[in-house]
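Just below is one structure, and these are the notes that go with it.
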Amino acid sequence: MEEVDKILIHALKQVGTEVSEDTASVKHLTGELIVEAVARCIRVIDPGLGSPLPTSLPPGMSARFRVGTSLAQACQDIGYKGEIGYQTFLYSNEPEIRSLLMFLVEKLPRERAEASDQPTGKSVVLQRAVAAAIKAQLAVPWLPPNCRLPLHAETQSPVALHCFHAQPLSLPHCSKGPGKDPLREVQDYQREILPPVTAQPSHHASVVAYILEQHAAELSAAQEWDNEWNSQGLLSRLTPQEYRSRKLIRLRKRVEEQLHSAALPSAEGDFGPRSTSDLSDLLQAFRGSTPSDHILAKGSNFTHTQKFTFTQQPAAAVTGPSVPAGHQSESDVQLRQQEEQLSLQQQFQHLCSEFEELAADMKHMRVTNAQVLDELKQRELGNSENEEKMQLKKKTIDLLPDADNNLLKLQALVEASANRVVNLASQWEKHRAPLIDEHRRLKEICSNQDLESSRKLSEMKSLHDKIRVSTEEAKRKEEIYKQLVTELENLPQDASRSAYTQRILEIVNNIQKQKEEITKILSDTKELQKEINSLTGKLDRTFAVTDELVFKDAKKDESVRKSYKYLAALHENCNQLIQTIEDTGTILREIRDLEEQAMLMLPSVTSHQ
Amino acid sequence: MELSESVQRGLQSLADPSSFDRRSYQVLVDVSFRSLLSSQADPSVLDQPELKQIDQILLKQSHTAATTFILEAVKQNADKSTISSCLEELSFSADRIEIFYSTHQEHRKEVERLLASIGRCPPHIHDASWCLQYHVKNDQVDKINEPFYLISLNTEKERSSDDINFTCTVEQLQDLVGKLKDAAKSVEKASQM
């Protein structure tokens, strides 16, 4: 019972009732506390029902009566099946209150269970850590700057802060095995001269930023590569190095194409302001092999104006000393400069047009050159054909004088060569057939191997996925475990779980024993009832038989008639006896029931008094 | 805690007793911490007598890996179990882990301060003085009769103090106070999450 009481009092404290620390059992709760506890519980269970209920008993008797009846009504509305009325609250007794409180505490919603089912993702963990840190900092009181201890130095005095600048660091490499080894000079540089990582940044305060940025870049590059390799690389069935080199070539080609297409319009454009002039400079640097007289025309506006300004400066320097100082006004100088500029621009335009003509001429020349070369080739072909024909005709003419013999010889030759051809054809056929079979066989093997390899690839992929999923699961479970351990440490240690569990196990054992006993008693009762039935049946049958026999004889003999009367009376009396016994049994049971009821009534009667 | 390939390689070579014996391991750990925490960049920080026999490229890689590991560990506020499990995976022996962890605990607050010094922060206000004025009239209006506040906030940033002066009406001051209260409430709410 004490454990039940402890549990009840703990639950009441959680609801908000101010129960003092030394109330150990329900019988120590005063009427006021009971009313308050019940009202608070009802409020938590059902706010709509519980909000008009007061938490304390008013002084007047009629008001108390009203409060009691409303509380009882509310409990019945929630579903309490026992007897309850105003008397439960005004004239309370321990078992009733205990059962009422147990019912209400059971009905309390399980808020705690919901609060602990929060998702425990990484961001939530971080938020919780941040919240804990903020709480800790809020707990430290603020002090004016003259009174500050080193404890406050972190949060209250502002410290010199630096922005997060990052630059690439140069890290020493080791030889990576199958890759190309770095050159000896590079290795010597790394060994002797390269300063350690913490000395490389120009500003020592940014060492941290550099190192962290370098590390984060490496991690994210590795992750990117993993993702790409797992999605596309495995499908292409190349080794990682081949995949990487192919990707590099592909990207380079794309870059070149983009630059080409961007630079083309500007090469044909005019000398107006060019937005892509810088790009064509870039292309020039790539091609690197332009004749020098194009530089003037293909340069940007900026370089042209540079050149103009450079040519102007000597001009200005020349004109400067020739003019007496102090005489020249600014506008004259400017006018002259503008005229010079105009003339130079005209020159430039002229040169541009000349260049275009030259370019067109060159194109034309190139085309004609190509045409002429083509023609030459064709003529040569024709020449060689004619020569062959001529050779053939010469030979036939030589052979003509000895025509018949030569004709025979020629015929023999022709036949021999025809035979040879047929021979060679048959040999070739003989060779060809097995080779074709071989070819077919090898092709089949190849396609089988392809199928095998694709199947194995898909298996590997599924295995990779499984591995990844299970490692993530394991990590997640470990994190959850850590969090739960910390939460468990933070939980309040009020009511021990062992009290609950012990009580529950005891109750279960008791119920088990009672159940066994009840079944035993039931079986005994059944046995007895069966015996009674069979005996009653036997009795009836025996009496009927004896009755018959004696009655038959009773008509003749007087003594038999008397004995028959005695038999009937005996039977009657025994029946009455049995009836009385049964009645006694029923009355005994009724007495027991009434005694139980009287026992229940007795405490309320005594409390009324 | 995730570490990149080069850091893992550097740390593995650091764990290897054939490349770094016990003495030079201790020296390198100390040197790594010192090189992060010193106020001047010192290119000769690795020129210790115990470290001369080791291949310089290997030494520099291990130094880079060690400094990166230190910064990552403090950045993620890793506790002893995380650090030990991470180093165990890279085949560090138990006493080397112990050495590293004890040095880490010694210098941890300073490294935390180093990391916390990255960022921007507006000046902190630590005092305020006010003056209540009452405008009676000016050259354009004959009767104004309004109170005005002259507020001066003493701020401090990096040991140099400065003053922010401004005037405001009563409503504006109420608005400012309301905003400060909102800010305080949201900080409290953030700490409850």
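Each chain gets a letter, A, B and so on, in the order its sequence line appears, and its residues count up from 1. All figures in this text were calculated on a predicted structure; none of them were measured in a lab.
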CD-CG distance between Gln76(B) and Leu126(A), expressed to the nearest 0.5 angstrom: 10.5 Å
Bottom line for Leu59(B): the part with an atom under 4.5 Å from chain A's heavy atoms is neither
His63(B) portion near chain A, given a 4.5 angstrom heavy-atom threshold: side chain
Would you indicate whether the side-chain heavy atoms of Leu115(B) and Leu212(A) approach each other to under 4.5 Å? yes
Could you check whether any side-chain heavy atom of His215(A) comes within less than 4.5 Å of a side-chain heavy atom of Leu71(B), counting everything from C-beta outward? no
Of Ala133(A), Ala222(A), Ala131(A), Ala132(A), the largest count of non-hydrogen pairs under 4.5 angstrom with chain B goes to Ala131(A)
Considering only heavy atoms, which portion of Ser32(B) lies under 4.5 Å from any heavy atom of chain A: side chain, backbone, both, or neither? neither
Any residue of residues 168-188 of chain B which, by heavy atoms, sits under 4.5 Å from chain A: Val187(B), Glu188(B)
Carefully, step by step, assess Thr68(B) and Gln214(A) under the rule side-chain hydrogen bond (donor to acceptor under 3.5 Å, both in side chains). CA-CA 9 Å; Thr68(B) 315; Gln214(A) 171 82 18; over 6 Å; no
Flag if over 12 foreign heavy atoms under 6.0 Å of CD, Glu242(A): yes
Residue Glu2(B) excluded, over 12 heavy atoms near CD under 6.0 Å: no
Counting only non-hydrogen atoms closer than 4.5 Å, does Leu138(A) touch chain B with its backbone (N, CA, C, O), its side chain (CB onward), both, or neither? side chain
Between Ser4(B) and Leu219(A) the two heavy atoms that sit nearest each other are N-CD2, 3.8 Å
Can you tell which part of Lys75(B) gets under 4.5 Å to a heavy atom of chain A, answering side chain, backbone, both or neither? side chain
Within a reach of under 6.0 Å around CD of Glu478(A), are more than 12 heavy atoms found that belong to other residues, nucleotides or ligands? no
Would you compute the distance between atom CZ of Arg128(A) and atom CD of Gln192(B) and round it to the nearest 0.5 angstrom? 13.5 Å
